[in-house]
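As structure tokens, the structure follows; a few thoughts come after it.
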Amino acid sequence: MSARILVAEDDAMQSRLIRIYLEREGNTVQVVADGRAALDRARSTRPDLIVLDVMLPLVDGLDVCRILRTESDVPILLLTARTTEEDMLLGLDLGADDYLTKPYSPRELTARVRALLRRARKTVETQPTLLRVGEMELDTSRFEVRLSGRPVPLTSKEFNILETLAREPGRVFTRAQILERVFGFERDVLERTVDAHVMNLRRKLESASEGSPRLLETVYGRGYRLADPGTP
């Protein structure tokens, strides 16, 4: 079974070699050369697996790993020239699923990729992708939201904000936390941008709910939360 794989590697020769070997396995491969592009591409294309070099320009590979792990469970294979145990453990602690130290065999890399994909597919088979909060259903695999059975059309940013809140109903997320999880290293994004997205998201939810109790709540001075229907 083929997979969509994102390769983040700034060494052109290495990335070309990785692409050749992974495409021989029947996979579709995209290549980016810096950490910011890796974040953008991972969010827009939702790959099945990411091969991530630690030493990337613009945004360090470890920071990319840390941010992506707050947003998804996509398998991440780290490539690193750092060979100390502390460096390797740091990558795993930040959420990487496996790592390879340079220099490595392309055949070993493809074997690791196959193993991670098998593990991920078994997980998908046993874990639902549907989040339910009260009358709201959020399908993370289809990027669809329904409220009381009615579809709610959302932009990608609105969907990501709602998914962040829906994974932990009742928890208050600050604007800074939402910025990091949804926008990552887009430095020109301000906290008031979060307010604008939340305002549009709330309007769409309230329009679909037709007078039901407010689902998206503002906690003044702190941030936003999704109302937990199980909390009195």
Side-chain angles (χ1 to χ4, degrees), residues 6 38-50 63-76 92-97 116 119-186 189 191 193-206 208-209 212-219 222-232:
L6 173 63
L39 285 170
D40 290 342
R41 195 66 62 84
R43 288 165 173 157
S44 63
T45 65
R46 302 267 180 159
D48 299 308
L49 182 141
I50 299 175
D63 281 332
V64 173
C65 180
R66 175 180 58 81
I67 293 169
L68 289 178
R69 190 48 76 232
T70 68
E71 301 174 359
S72 77
D73 296 321
V74 60
I76 297 174
L92 296 175
D93 286 342
L94 290 174
D97 297 274
L116 288 174
R119 189 188 313 163
R121 283 165 183 153
K122 287 180 181 178
T123 300
V124 168
E125 290 171 0
T126 58
Q127 290 186 355
T129 59
L130 194 65
L131 301 176
R132 288 188 175 90
V133 181
E135 296 297 316
M136 186 190 75
E137 293 183 350
L138 189 149
D139 190 328
T140 60
S141 63
R142 297 185 177 184
F143 305 103
E144 294 178 350
V145 176
R146 290 183 175 274
L147 188 56
S148 301
R150 303 180 186 89
V152 184
L154 301 179
T155 67
S156 61
K157 296 299 186 188
E158 291 165 357
F159 185 94
N160 290 339
I161 291 173
L162 185 60
E163 180 182 355
T164 296
L165 301 176
R167 290 197 178 277
E168 298 183 69
R171 173 183 168 180
V172 178
F173 286 85
T174 67
R175 291 172 178 82
Q177 288 172 326
I178 294 174
L179 272 176
E180 179 171 320
R181 295 194 179 203
V182 176
F183 296 90
F185 277 83
E186 297 175 34
V189 177
E191 289 192 357
T193 304
V194 173
D195 295 335
H197 282 294
V198 169
M199 181 178 67
N200 289 332
L201 177 58
R202 178 182 285 132
R203 176 177 51 79
K204 292 178 180 180
L205 292 174
E206 291 181 351
S209 68
S212 296
R214 175 168 286 189
L215 188 64
L216 181 52
E217 300 177 340
T218 300
V219 180
R222 297 188 63 190
Y224 301 102
R225 70 182 172 199
L226 208 60
D228 186 350
T231 301

With heavy-atom distances below 4.5 Å as the criterion, would you say the side chains of Met136 and Leu226 are in contact? yes
More than 12 heavy atoms from other groups under 6.0 Å of CZ on Arg222: no
Do Asn200 and Arg203 touch side chain to side chain, with heavy atoms closer than 4.5 Å? yes
Got a second to check how far Glu206's CD is from Leu216's CG, nearest 0.5 Å? 8.0 Å
Please report the interatomic distance CG(Leu94) to SG(Cys65), rounded to the nearest 0.5 Å. 5.5 Å
Search all heavy atoms of Ala166 against all heavy atoms of Val133 and return the closest pair with its distance. O-CG2, 3.9 Å
Could you tell me the separation between the CG atom of Leu39 and the OG atom of Ser44, rounded to the nearest 0.5 Å? 10.5 Å
Distance-minimising heavy-atom pair for Ala208 and Arg150: O-NH1, 3.0 Å
Please determine whether a side-chain nitrogen of the Lys or Arg among Arg225 and Glu217 lies less than 4.0 Å from a carboxylate oxygen of the Asp or Glu. yes
Between atom OG1 of Thr140 and atom CG of Leu130, what is the distance when rounded to the nearest 0.5 Å? 8.0 Å
Taking every non-hydrogen atom, the tightest pair across Pro47 and Val74: O-CG2, 3.5 Å
Given side-chain contact (heavy atoms from CB on, under 4.5 Å), test Leu68 with Glu71 step by step and report yes or no. CA-CA 5 Å; Leu68 289 178; Glu71 301 174 359; 4.0 Å; yes
Quick one: pull up CG in Leu138 and CZ in Arg132 and give me the separation to the nearest 0.5 Å. 11.0 Å
Just do the side-chain contact (heavy atoms from CB on, under 4.5 Å) check on Arg202 and Thr218 with the steps written out, would you? CA-CA 10 Å; Arg202 178 182 285 132; Thr218 300; 2.7 Å; yes
Write down the atom of Glu158, the atom of Pro153, and the distance for their closest heavy-atom approach. OE1-O, 4.5 Å
Is the shortest side-chain heavy-atom distance between Leu154 and Glu163 below 4.5 Å? no
Work out which heavy atom in Leu165 is nearest to a heavy atom in Tyr224; give both atom names and the distance. CD2-O, 3.9 Å
Where Val64 and Ala38 come nearest, the two heavy atoms and their spacing: CG1-CB, 4.3 Å
Compare all side-chain heavy atoms of Leu162 with those of Leu205 and state whether any distance is below 4.5 angstrom. yes
First locate atom CD1 of Ile178, then atom CG of Asp195, and finally report the distance between them rounded to the nearest 0.5 Å. 8.5 Å
Considering only heavy atoms from C-beta outward, does the side chain of Val145 approach that of Leu147 to under 4.5 Å? no
N-O pairing of Asp97 and Arg69 below 4.0 Å: yes
